[in-house]
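Heads up: the structure comes next, in structure tokens.
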2 protein chains.
Amino acid sequence: MSNEEALRQYDIKKFRTPDGYTSDIAVFTIVSKQLAEYKPPLMQLKLMLIKRSKLNAEGQLNIEAEKWALPGGFVQENESALEAAGRELEEETGVKGIHIKHFGVYDQPGRDPRGWIISNAHYAIVPEQYLSTRQANDDAAEVELFSLEDISRIELAFDHKQIIQDAIKQITGDLLQTTVAKNFLPKYFTYSELQALLLTVTDDPAIASDQSFARKIKSLPFIKPVIGQKTQRTSKIPTQLYEFIEMDIVKPIYTARY
Amino acid sequence: MSNEEALRQYDIKKFRTPDGYTSDIAVFTIVSKQLAEYKPPLMQLKLMLIKRSKLNAEGQLNIEAEKWALPGGFVQENESALEAAGRELEEETGVKGIHIKHFGVYDQPGRDPRGWIISNAHYAIVPEQYLSTRQANDDAAEVELFSLEDISRIELAFDHKQIIQDAIKQITGDLLQTTVAKNFLPKYFTYSELQALLLTVTDDPAIASDQSFARKIKSLPFIKPVIGQKTQRTSKIPTQLYEFIEMDIVKPIYTARY
DNA sequence: GGAATAGTGTCTTTTAGACAATATAGA
DNA sequence: TCTATATTGTCTAAAAGACACTATTCC
């Protein structure tokens, strides 16, 4: 096979190569406040950031120290950036099997003062309870959840402000145009729980109106009622539970109503 | 500033770094056949591929030689992958100012036999007439347009089959859910031209029916008629021309009808 | 009974989709 | 006149949106 021959002739050092390849993760969670028994929750979309410590693991001064940053780290040779994100998220929060999705690459020359470093950016959806047992890793001194409004007011490391802006836009779109919402919700959920979730990213009146949304949910092809399953966690009256059906939805803008 | 001090202590060679960072481009074009005068066009979505030559520029055997592949190449240190894509597209086709969009990263270990090489994948939309003056670059012996069905039957280099599958899915979704369609069309277009374009990726009856679509286009908030502008290129009767209005559309699946 | 959320009945308005009809202009 | 595409008229069915009302359960 001549491919092997070609490979022997190939000089891997011919090109200037990047100084690093990192995986960064925008970790989103819904902070859900149960104001009282038998009430639907109040939800808020939050983003987890870490505060970079002053010194790194070797006791040297850290780059972009004491600024807030996305969790992440260098991708290793034997893994993909997505796998690295999963690994780092596990190190950071102790949780496995989280929904993680790539949404962008950041490779603008000069974005990282350490050199030519390419960041592969993901967002992750972590249920709130998993973040209670947070633990800081080597480079991370503090961990905190920020509301989306607060983030615009804090100083962020590298180009993470831009990455976060893009992540917010991406998850907003995905929540409304795909079925990722299911990763924020328990397997079985009520219409008011899904509604509260969607209202964290939209004020569409068709979603905001209780009656409209209660009717609408019954006609959505990707959501089905769980027959015989009701709950009282959002109201005194036992409420129908629903679940997502796995499917891709493409709703053309050309056939929608406005 | 202590960041500078940290930078002096930082050893860029501490980590195993990638062996290369490439930018690959799925170049889509619409082949538009005017069957006769005064008729709407027949359109087909095609993808441009290059056949990798047997020998590279230095006369050595080429990797994955004589297989079809996406155009692309190594990203240089002073540019982003998007810029590299624009540069390579210009080298390949001679056209500037093309619509190029990132849609994925391919970094699975072992995807490239030459080493740890990360591919940043884009799709580009090139009007057909620009591809008439194609020119092969160093590594590319032949250039050809393939219909989406044909592609599944040819042998492709590296993991380009996967990349192409993803590109097709992405552009299909974008055509139906964003206003990228405008990059395939002249600035002013008739309803039947837009319709022909959309029918290359969907068979939605609301788009396929002439009368429905002719009515629908007038109510779309992102398309407006160009007043006083008509053309006879698609019919004997002078036909209203339309243009896209710049805007983002997010149509929630939760408020659509099914 | 009061309060709060879930869910239905019903009416109006809007839209989609089907079908037919009309308009235009070159051949 | 014929033909093909564009465009409008009109009807029907479906859906959206608004509003009022009922249902359930705990207090």
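Just so it is clear, the structure is predicted and the values come from calculations on it, not from any experiment. To find a chain, count down the sequence lines: A is the first, B the second, and so on, and within it residues start at 1.
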### Task
May I ask you to say what A:K230 touches in the nucleic acid, namely base, sugar-phosphate or nothing, with a heavy-atom cut-off under 4.0 Å?
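If one applies the 4.0 Å heavy-atom cut-off, A:K230 turns out to touch nothing in the nucleic acid.
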
### Task
Would you mind classifying the nucleic acid contact of A:P40 as base, sugar-phosphate or nothing, using non-hydrogen atoms under 4.0 angstrom?
sugar-phosphate

[X] side chain near [N] phosphate (N/O to OP1/OP2, under 4.0 Å):
{"X": "B:T234", "N": "D:dA6", "value": "yes"}
{"X": "B:S235", "N": "C:dA25", "value": "no"}
{"X": "B:K39", "N": "D:dT5", "value": "yes"}

Only counting residues at least two apart or in another chain, list the ones meeting ring-ring contact (aromatic ring centres under 6.0 Å, His included) with [X].
{"X": "A:Y254", "result": "B:F222"}
{"X": "B:F189", "result": "B:F244"}
{"X": "A:F213", "result": "none"}

### Query
Considering heavy-atom distances to DNA chain C, does A:Q240 or B:A206 have its closest nucleotide positioned more toward the 5' end?
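Its nearest nucleotide being more 5', the pick is A:Q240.
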
### Task
For DNA chain C, determine which residues of residues 208-217 of chain B have any heavy atom closer than 4.0 angstrom to one of its atoms, and list them numerically.
B:Q211, B:R215, B:K216

### Task
With rounding to the nearest 0.5 Å, note down the distance linking CD in A:E128 to CE in A:M48.
13.5 Å

### Query
Rounded to the nearest 0.5 Å, what separation is found between the OH atom of A:Y123 and the CD1 atom of A:I163?
16.0 Å

Kindly give the atom pairs (protein nitrogen or oxygen, nucleotide nitrogen or oxygen) under 3.5 Å for nucleotides 22-27 of chain D.
from: D:dC26; atom 1: O2; to: A:K236; atom 2: NZ; distance (Å): 3.4

### Intra- and inter-strand pairs of DNA chain C in dot-bracket (Watson-Crick or G-U wobble, both distances under 3.5 Å; | for another strand)
|||||||||||||||||||||||||||

### Task
Verify the ring-centre separation between A:H102 and B:H102: is it less than 6.0 angstrom?
yes

For residues 223-232 of chain A, which side-chain N or O atoms pair as donor and acceptor with protein atoms under 3.5 Å away, sequence neighbours left out?
from: A:T231; atom 1: OG1; to: A:R233; atom 2: N; distance (Å): 3.2
from: A:Q232; atom 1: NE2; to: A:K236; atom 2: O; distance (Å): 2.5

### Message
Assess the residue pair A:I125 and A:I171 against the criterion (side-chain contact (heavy atoms from CB on, under 4.5 Å)); give the C-alpha distance rounded to whole Å, side-chain angles, the decisive distance to 0.1 Å, and a yes or no.
### Response
CA-CA 9 Å; A:I125 294 178; A:I171 202 167; 4.1 Å; yes

### Task
Could you pull out all residues at least two apart from B:K101 that satisfy salt bridge (Lys or Arg N to Asp or Glu O under 4.0 Å)?
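For B:K101, the residues satisfying salt bridge (Lys or Arg N to Asp or Glu O under 4.0 Å) (neighbours in sequence not counted) are B:D174.
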
### Message
Checking B:K182 now: which residues fulfil salt bridge (Lys or Arg N to Asp or Glu O under 4.0 Å) with it, not counting sequence neighbours?
### Response
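Salt bridge (Lys or Arg N to Asp or Glu O under 4.0 Å) check on B:K182 returns B:E246.
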
### Query
Given A:I217 and A:Y242, is the side-chain contact (heavy atoms from CB on, under 4.5 Å) satisfied, shown in steps?
CA-CA 9 Å; A:I217 199 173; A:Y242 294 87; 3.8 Å; yes

### Task
Could you tell me which residues satisfy side-chain hydrogen bond (donor to acceptor under 3.5 Å, both in side chains) with A:S192, sequence neighbours excluded, listed by chain and number?
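With sequence neighbours excluded, A:S192 shows a side-chain hydrogen bond (donor to acceptor under 3.5 Å, both in side chains) to A:T190, given in chain and number order.
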
#### Entry: Nucleic acid contacts of residues 189-197 of chain A, taken as heavy-atom distances under 4.0 Å to DNA chain D
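Under 4.0 Å from DNA chain D: no residue of residues 189-197 of chain A.
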
### A:L35 CG - C:dA3 C1' separation (whole Å)
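In whole Å, C:dA3 C1' lies 16 Å from A:L35 CG.
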
### Message
Using the side-chain contact (heavy atoms from CB on, under 4.5 Å) criterion, which residues pair with A:Q162? Sequence neighbours excluded.
### Response
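side-chain contact (heavy atoms from CB on, under 4.5 Å) check on A:Q162 returns A:Y106, A:Q165, A:D166.
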
